[in-house]
Each structure stands twice: as structure tokens, then as C-alpha cells.
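Heads up, the thing below is written out as C-alpha cells.
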There are 2 protein chains.
Amino acid sequence: MAQNTAIKVNETSRSAVGRDGVLDIAARLFREQGYGSVSLRKIAEAAGIKAGSIYYHFGSKDEIVAAVLDAGIRVVHENMRDAVTDLRADADGETVLRAAIRAHLRALIDVSDYTSANVRIFGQVPQSVRDANLPTRRAYEAEWDSLLSQLKKDGTLKQDVDIRRLRLMLIGTLNATLDWFDPDRGSADALSRTYADVFLNGILQRQDT
Amino acid sequence: MAQNTAIKVNETSRSAVGRDGVLDIAARLFREQGYGSVSLRKIAEAAGIKAGSIYYHFGSKDEIVAAVLDAGIRVVHENMRDAVTDLRADADGETVLRAAIRAHLRALIDVSDYTSANVRIFGQVPQSVRDANLPTRRAYEAEWDSLLSQLKKDGTLKQDVDIRRLRLMLIGTLNATLDWFDPDRGSADALSRTYADVFLNGILQRQDT
DNA sequence: ACACCTAACTAACGCCTGTTAGGGTAATAA
DNA sequence: TTATTACCCTAACAGGCGTTAGTTAGGTGT
């Protein structure tokens, strides 16, 4: 019979993918194909179950995509905050900013289908789902604003930078990476270094030195 | 023959929106709602005709969206090239780059539903449609690479910048603006100045001077 | 042995989709 | 006048969608 799959997962029932399994697969498909192209039947098939069975775990497609979006922000938020707090207490401003940029980019590219799915499909989901995701987003944005404000206060950044604009520009730039990044052409870490170099020092050849 | 025909049709025919009218409306709807949410019936209704009638002008939905994507790149390409060639011949490198950034951002925000639709929906359309748009994109990318290479050669830019990466970063940053830009909070021109300031000089407070 | 819970199944519902075939009508060209 | 062209309409098709109701099988606790 079909018991070969049963032995693989022995802690729970024979092949149960469960709520988390469905969510993982949904996040991957959303990241790969966008929101509109991923039907519940596609998710179900990838999970090895039937479409109707999804409704045991979720009340609607919106509920699935909302869960994916929220998890996406939470992951990148935790990654970014941990990367900053893990630094030595005497780390200078530049080091802190570089760590934050690196953590965001890694969450996008290396760590999480949830985070990359969030960036890719946020603009495609129904308004109500976007709205439900807003509080989580706002919390992450506040983390960045707090960090950037600190860097401005301690003199690391120029005094005329607009925190909100800078944050939108930074995150926008990092997120845009998803549209073209190819791991065969370079690592996420190397790219994050390039990003930081440009943002911190600019691309203009300087007369001084 | 064909000339007064065109005039009379425009003035007297009862409702004829024509191919261009359908395309304009499609571009606007794609920009506002994304690819998947815009059906042929929605486009038809906004144009004041019935869904089946669209097939008089276009062979398929893919053909419509492909036309929108191509026009979007062509517009921003022309805008950017014109902005650069309109400069005085003795304009310095920094001025040229600022003009190019400004032109791209204006095409995105102020000028064309086609360009903003392109940026918004490119990642949502079928692979075949994306592929059809690639040559047009490549031509625009080549325009940027040529400009940036020139700036590197004449010493405006640092000698260690990677042209391709810089171009991807620049266009990615500019395009990401669409996700949050609100004309009530500032003009596209003012924003393009901020962008140029950051890219050219960085955000770090400098010790010198 | 019993009931209970979990996690799946089947089958269908109404709706929307892109697309097609065939028909109509007003304006122009011969 | 007649023929032609440009533009749009109606009506339907097959297929995919999210969703629901009712059912079934295995694991667990008593």
C-alpha cells in the first residue's frame, strides 16, 4: 500500500502536512508565482492533499495569505533586530547600519519564503488583507525609524536627512533586489556590502583625499 | 482619404474608443489594480463597450498586456534619453546623472500610466509575455549602462563601481517608489533630488571640510 | 469496546474567466 | 445606389475559481 510515506513522519499521523505544512507550501508558491496565479487547488496539490481539505486548517484563502504576510514581516523584523542587538555595545553607527541592511537582505534572499512572498505579493492581495497586515508592517517600520533616528542624533548621519524618506528608500531598494537577484552572480552578503557602500558614501568620485 | 476619415470618426462617431482608447484604459486599470484582478470585462466596461468587442482590436488578453508593457518601457526610455540629450553639451557628469534620475522618476509618477503599469505588473504576467517584453527592456538597460559607463570613464564616478549592479540598484530604487509615493507629501522632482543626493554623496556625516 | 478527535476525502454549488461565432449598423468609397 | 469597411453587440462555450456539506479513516483516551 502507500505506507512508504507513512514511515517518514512517525510523530504525527501518517502523512499529515498540517497547518504549518500548508502554510510553508503556500508561502513558497506565492513567492514563486504571485498571488493571483496560485489557487487553493495548486496549494493542495503541492501539499499532497485535496483542495477542500485546506478548509480544515483555514477559513478562507484570504486567511492563508494573511498568515503568510504577517509571518513574512515578523521574520525580517526579528532578523533585523537580532542582528543589531547582537553587536557589541560599543559598535559605531556605521557598523550598526551595515548590520541592519545585511539582515534585511538576508531575510529576503536566504532565510525566508515568507518574507520574500510578502514583498512580492503585498501589492496584489485584496485591500482587506493588506489592511490586516499594516500593524505588523508599521512595527517593523518603527524599528527602522528608531534606528535611523538614533544614528542621526549621534552624528553618524547627516543632519538634513528625512528619516521617513530614507527608510522608504532603503527598504524599497533592498526589496527591489528580489526582481533580479541571481545567487549564481554573487552572494547576498556581498550585495549588501555594495548597498551599504553606496548609501553611506555615495558613488561620486571625491576631489578631497 | 485616411486623414479626414480619422478626424470624422473622432468627432462624429457615437462612441468609438478604438484600439488606442482600449489600451489607455487597460494601462490605467493594470496600474491601479494589478494584472490578475483586471478582466477583459472590466476593461470593456471602463471603455464603454462589451467584452467580446475587444477582440476586434486585440487577439488576446496577452496581446493587450504585451502592448502596455512595451509602450511603458518606450515612454520611459524616450523621456530619459531626451532629458540627457537636451542638456548643454558641456554639462558635467553629475548634472547628467541627476537629469536621468529625474526623467525616470517623472515618467513613472507624472507622465505615463503605461510606465507605472509596466513596473507594477511585470512580475505578474505570464512568462511568455515577460519574454516578449525583454528586448525593449534590454534596450533601455543598455541606455543606462552606456550613460553610467561614460560617467565612470570621465571620472565622475568612483572607479570601483560595478555598472550593472549600480544600474539595477538605481532603477530598482526608483521603481520601488511606486509602492508608497503620495503626491500630497511632495513632488516627484523634489524626491528625485533626494534620491540623487543620497546616491551621489551618501548619507554619512563626513569628517572632512 | 467505546466514543472522540484529527485530518483528510468526495462531490457539488454558483460565479467569473478568456474566448469564439455570427449578426448588426453607421459612415465612407465607387 | 451599392459595396465595403470599421466598430460594436449578443450569446454562448469550456474551464477554473473559492467555498460548502457531508463522509470516512486512523489515533487517542477511558
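- Following rounding to the nearest Å, Tyr55(B) (OH) and dG22(C) (C1') show an atom-to-atom distance of 17 Å.
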**OP:** Applying side chain to side chain contact (heavy atoms under 4.5 Å, CB included), run through Phe199(A) and Leu204(B) and close with a yes or a no.
**Re:** CA-CA 8 Å; Phe199(A) 274 108; Leu204(B) 225 49; over 6 Å; no
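- Proximity note for Val17(B) (side chain, C-beta onward) versus dT19(D), dT19(C), dC8(D): the nearest is dC8(D).
- Out of dT10(D), dT19(D), dC8(D), the shortest distance to the side chain of Lys50(B) is found at dT10(D).
- Side-chain atoms of Arg98(B) do not come within 3.5 Å of backbone N or O of Gly93(B) as any donor-acceptor pair.
- Between the side chains of Asp24(A) and Tyr114(A), at least one donor N or O lies within less than 3.5 Å of an accepting N or O.
- For a distance-only test at 3.5 Å, the side chain of Arg41(B) qualifies as a donor-acceptor partner of the base of dG18(C).
- Inspection of the Asn118(B) and Arg137(B) side chains reveals an N or O donor paired with an N or O acceptor under 3.5 Å.
- At whole-Å resolution of the value, CD1 in Ile43(A) and C1' in dT19(D) are 14 Å apart.
- Going from atom CZ of Phe58(A) over to atom C1' of dA8(C) covers 15 Å, rounded to whole Å.
- In the model, Asp189(A) has no side-chain atom that pairs as donor or acceptor with a side-chain atom of Ser187(A) under 3.5 Å.
- One finds no side-chain N or O of Lys61(B) lying less than 4.0 angstrom from the OP1 or OP2 phosphate oxygen of dT19(C).
- Taking atom CD1 on Ile49(B) and atom P on dA6(D), their separation rounds to 16 Å, with Å as the unit.
- Residues Asp154(B) and Gln150(B) form a side-chain contact, since some pair of their non-hydrogen atoms from C-beta on lies under 4.5 Å apart.
- Nearest-nucleotide assignment on DNA chain D puts the 5′-proximal partner with Ser37(A), out of Gly59(A) and Ser37(A).
- Two residues, Tyr56(A) and Gly52(A), neighbour DNA chain C, and the one matched to the more 5' nucleotide by heavy-atom proximity is Tyr56(A).
- Distances were taken from every side-chain heavy atom of Leu40(B) (C-beta onward) to each of dA6(D), dT6(C), dT19(C); the shortest belongs to dT19(C).
- Taking side-chain N and O atoms only, His57(B) has no distance below 4.0 Å to OP1 or OP2 of dA6(D).
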Subject >> Under the 3.5 Å Watson-Crick or G-U criterion, the dot-bracket string of DNA chain C, with | for inter-strand pairs >> reply: |.||||||||||||||||||||||||||||
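- No donor-acceptor contact under 3.5 angstrom links the side chains of Ser60(B) and Tyr55(B), judged on distance only.
- The side chain of Ser39(A) contributes no N or O atom lying less than 4.0 Å from OP1 or OP2 of dG16(D).
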